[in-house]
2 protein chains.
Amino acid sequence: MCGALLKKLESYVRLSHSDKKALESAFAEAPNWVGARKDLIREGETPQGVNLIMEGWAYRYKQLEDGRRQILAFFLPGDLCDLNIELLRTMDHSIGAITSVKYQSVSSARIEQLTNTSPRVEKALHWETLVNIAIQREWTVNLGQRRGIERIAHLFCELFLRLSAIGQTSASECEMPLTQTDLADATGLSAVHANRVLQELRSTQVISFNGKKLKIHNFSLLREISLFDESYLHLHTEGSKFDAP
Amino acid sequence: MCGALLKKLESYVRLSHSDKKALESAFAEAPNWVGARKDLIREGETPQGVNLIMEGWAYRYKQLEDGRRQILAFFLPGDLCDLNIELLRTMDHSIGAITSVKYQSVSSARIEQLTNTSPRVEKALHWETLVNIAIQREWTVNLGQRRGIERIAHLFCELFLRLSAIGQTSASECEMPLTQTDLADATGLSAVHANRVLQELRSTQVISFNGKKLKIHNFSLLREISLFDESYLHLHTEGSKFDAP
DNA sequence: CGAGCGATTGATCATAATCAAGCGATGTGG
DNA sequence: CCACATCGCTTGATTATGATCAATCGCTCG
């Protein structure tokens, strides 16, 4: 069972029947569970293979000596944490669960076997990695150049589109199990200021956000506010060089 | 000729004689030159293989519609721009030269041939990629959590250590061909504020910085100011799992 | 020589952090 | 079951950090 991952990879490249079989059999181990707000792996530990998030949300973060926390990425269902990370001997960051999370840990040997079986899956996974790096770059732009309201609006645009790529949005609504403190730590704002930014977005009828649900009433305005340009997500695949026939 | 790259890879892993030969022959094409402040490749263009920076400094950047520019990375000699990027069909950012730059463009086919010849080089290049991603994450932390003076101090620490890994530092001095505007765009500050931060660092005897030279008089103080922890650079390799005999 | 760039300075303004307090919902132990 | 603690959200007041605007100066280069 790796439906969300498969769905996402298929938005990058057309896979053959045997590609899909290979993918499914690589991710067929018994899943693990971790409770909300627990860590999957901590800075300083030794990484073991890859984690595939199957259900729930997780996040990557780094903490400074004095306690300041920066959230570096959100992992949604179908996301892989750190392909190839086992080459580095110690984790330079931590990964934690936001909700309770169902995930699968896959050894690097198993991944290698998969990519040997199916070069197209290998490329799709590479693509996935490249997109994650592009997202990390865009977060750097977000923190360096955008103001508070722009940052939060941008993050909402990104998360909505990524959820939409795995079929987890309705027309204009999606899950958003983040606290305001999470939002603040992801956007480099204080929790108090994040709260005020949200109030502004709500009062201008752009979004509603409560009870872990985000509703975007005016996506094009949200995009305009945040100077959002989705091309960094590289979501659309027509004419990929390496499609299956 | 790929001395800086080789030197850097050897700080990750011990390579055999034939590994080095394979590496050298892959990067043996005639080099290209690009003038200072010219672009190597622009957002929206189609990427072709990999660029190895051989001499000079380059940088990765992204520009918002309204002109704001964020510098995302600096490329020093021995750095590879975007291994595997050719999978994505369009560049989502630009790469420009800071000084005049000597570089080599290598096709992805040639790279694949190299990694097929030498699995150890393949792993070293993977390592290199992972370190670049770790640097990108650290920049995200820098912009999200650190104040102006901490950001600039942190950047100086990083660049000094990276230059030191390729043998381009003397005791406490290194090249630093950045303008204050470059520094500002890399750290998400205004040029005016970057100037004031530099004055503060100079007046407290921590560094001197003029004429494209940076001198660090008190590295441990600089590290303390910026809460710098070099582990994200993953520079030290004793006991790597995949050393050559 | 003049233009333009990079560095610098001063004054003012905007954005966001910090501090402090309170509120409502949830959960827990006595 | 209630008392109490905790967490997440909210509000107001004050302060700090850094942006913006404007001007100057030195230097290099054509």
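To find a chain, count down the sequence lines: A is the first, B the second, and so on, and within it residues start at 1. Keep in mind that the numbers below use all heavy atoms, side chains included, and drop hydrogens, waters and symmetry copies. Computed from a predicted structure; not experimentally measured.
- Rounded to an integer number of Å, the gap from B/Glu200 CD to C/dT9 C1' is 16 Å.
- Annotation: salt bridge (Lys or Arg N to Asp or Glu O under 4.0 Å) contacts involving residues 167-186 of chain A, sequence neighbours excluded, comprise A/Arg37-A/Asp182, A/Arg69-A/Asp182, A/Arg69-A/Asp185, A/Glu173-A/Lys215, A/Glu175-A/Lys213.
- Between A/Phe74 and A/Tyr59, the angle of the ring planes lies from 30° to 60°, which puts this pair in the tilted group.
- Residues of residues 59-72 of chain A that place a heavy atom closer than 4.0 Å to DNA chain D do not occur.
- We find that CG of A/Asn142 is positioned 12 Å from P of C/dA16, with the value rounded to whole Å.
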- Give the B/S/- string for nucleotides 9-20 of chain D, one per nucleotide from 5' to 3', where a protein heavy atom under 4.0 Å of the base yields B, of only the sugar-phosphate yields S, and otherwise -. SBBBB---SBSB
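- Ring geometry for B/Phe156 versus B/Phe209: interplanar angle over 60°, hence perpendicular rather than tilted (30 to 60°).
- For the side chain to side chain contact (heavy atoms under 4.5 Å, CB included) with B/Ile152, the qualifying choice from B/Ile207, B/Asn142, B/Ile225, B/Val197 is B/Val197, the only one to do so.
- A/Arg37 places its CZ atom 18 Å from the P atom of D/dT6, with the value rounded to the nearest Å.
- By the 4.5 Å heavy-atom criterion applied to side chains, A/Gln205 and A/Leu221 are not counted as neighbours.
- At a threshold of 4.5 Å between non-hydrogen side-chain atoms, the residues A/Cys81 and A/Ile53 count as touching.
- Ion pairing between a basic and an acidic side chain is recognised when a charged N comes within 4.0 Å of a carboxylate O; A/Arg60 and A/Asp82 show such pairing.
- A salt bridge links A/Arg162 with A/Glu158: the closest approach of a Lys/Arg side-chain nitrogen to an acidic carboxylate oxygen falls below 4.0 angstrom.
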